[in-house]
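One structure is given here, and the rest of the page talks about it.
Quick note: residue numbers are just sequence positions, from 1. Atoms within a ligand are numbered from 1 in the order they appear, just like the ligands themselves.
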Amino acid sequence: MSHSPARGILRCHARIDLAQLRGNLAAVRRHAPGKQVMAMVKANAYGHGMIECARVLRGEGVEYLGVAFAEEGQALRNAGDAGNILVLSPPLPQEAAMFCEYNLEFVACDAEVLNAFNHEAGTRNLTLNAHVYIDTGMHRDGIFTAQACEFADKLSRCSHLAFRGLCTHFAHADAADKTFTLQQLSLFNSAAEQLKQAGYSFDLLHAANTAAMSDIAASHFSLVRLGISLYGYPASAEIEQAPAVQPVLELRARVNALRIVEAGESVSYGRRYTAQRRERIATLSLGYGDGLMRSLSNRGHCLIRGRVFDLVGTICMDECMARVDDSIKTGDEVVIIGRQGDLMIGADRVAEEAGTIAYEVLAGISARVPRHYSDHTEAASGIENQSREFGA
Ligand SMILES: *Cc1c(COP(=O)(O)O)cnc(C)c1O
């Protein structure tokens, strides 16, 4: 038995086009001209590989990298990143040493954290950058606008902490109706105004995610925090002025086996699919253990030999099945996300079929899926981008 995969096609892998990542950064910069960019590389850069993406984005001069947890910042430092890194989930007081050790900036919204971080920074004789986080309606993290001055006063008494930025986060900027987002924006502007009136100064004001960056220029302030647009998708289908970005990642697998199933016979666990006639069923080399959501059972699609086929039956951990025609052979390449011939399946399309958002589809591509990187500048030119969404 041969150990090399049929025709050299890997079991399941992601292809990441770093030139397109650069192209997307250029597109968002044209959309928010003159603004600093915080590239969100949390959650393994939305599944694209944090270290590799961070390296490319830093090479293009992004001013900040954004992560969710200190451990992600630590991994960036260990890979040699020396730039500004902001950790966007509020830390606990016990994490002070970690933030000092790796020179990570933090979102400030808790007095105990201020004290612990100030104390630790003092013993090491360094200064940590704080971004005061205002809760303007997301109700996840942050202090309310009414507490801004009192909190800034506490911060100003911490001689080893610097008031580097003021920030907030939008709850519904990806909706067509921007009413709530404009209310949040107004609360944020009011917090900034109150702080300035009280004599506090800070370098950066930031609020916009991809959705707000796309549709609301007044939300750009000094810096925009961008995730999904860098990876090539609009924040939602309701965005009106999405920058011209293209997907960076493709998810591919191969046909592992083929069989004929007679009319009335079932396929896969739970017998949730029954063949209506004599059908040809291909077994594909990926499953929910790779991040292919089980909710795509009997709903998803794939591309093989440039044509679209239905996924049938329950998605298993390591394999899933598709109903195919006579032309399909063992070892054929399967595209779950990406292009083949003149067809393409976007992560947003997969998300729609799975009842979720492109973010979850991308971030859910599991650690066992090998990432293969390419960096050909032609790929960003648009020549390859002629494919149409099937069914569109
Ligand atoms: C993840 C995140 C972002 C980026 O959101 P996108 O919609 O992917 O651009 C911005 N700000 C905060 C606080 C985040 O957690």
Is [X] salt-bridged to [Y], going by a charged N under 4.0 Å from an acidic O?
X: Arg371; Y: Glu52; answer: no
X: Arg254; Y: Glu333; answer: no
X: Asp325; Y: Arg307; answer: yes
X: Arg368; Y: Asp318; answer: yes
X: Arg11; Y: Asp290; answer: yes

Mark up the atoms of ligand 1 that fall under 4.0 Å of a heavy atom belonging to [X], in ascending order.
X: Gly227; answer: 4 (C), 6 (P), 8 (O), 9 (O)
X: Arg140; answer: 15 (O)
X: Ile228; answer: 6 (P), 8 (O), 9 (O)

Please determine if [X] has a nitrogen or oxygen closer than 3.5 Å to a nitrogen or oxygen of ligand 1.
X: Met40; answer: no
X: Tyr359; answer: yes
X: Leu88; answer: no

>> So is Tyr46 touching ligand 1 or not, going by heavy atoms under 4.0 Å?
In response: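 Tyr46: in contact with ligand 1 (<4.0 Å).
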> Mind checking whether Tyr133 has a heavy atom under 4.0 Å from ligand 1?
Replying inline: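 Heavy atoms of Tyr133 do come under 4.0 Å of ligand 1.
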>> Using every non-hydrogen atom in the two residues, find where Val62 and Arg29 come nearest and quote the distance to one decimal.
In response: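 Smallest interatomic distance, heavy atoms only, reads N-NH2, 3.7 Å.
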> When you look for heavy atoms under 4.0 Å from ligand 1, do you find them on the side chain of Thr210, its backbone, both, or neither?
Replying inline: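 It is both backbone and side chain that touch ligand 1.
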> Nearest to atom 12 (C) of ligand 1, what protein heavy atom do you find, and at what distance?
Replying inline: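 Its nearest protein heavy-atom neighbour is His169 CE1, 3.3 Å.
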> Can you tell me which residue and heavy atom of the protein come closest to atom 10 (C) of ligand 1, and the distance to 0.1 Å?
Replying inline: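 Going by distance alone, atom 10 (C) of ligand 1 is nearest to Arg225 NE, 3.6 Å.
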> Is there a path of hydrophobic side-chain contacts, each under 4.5 Å between heavy atoms of I, L, V, M, F, W or Y residues, that connects Val67 with Met98?
Replying inline: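 The answer is yes; both residues are in one hydrophobic cluster.
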> Which is closest to atom 1 (C) of ligand 1 in terms of heavy atoms, Met38, Lys42, Met138, His206?
Replying inline: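 Shortest heavy-atom distance from atom 1 (C) of ligand 1: Lys42.
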>> I want to know whether Tyr231 and Tyr359 have ring centres closer than 6.0 Å.
In response: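 No; Tyr359 has its ring centre 6.0 Å or more from that of Tyr231.
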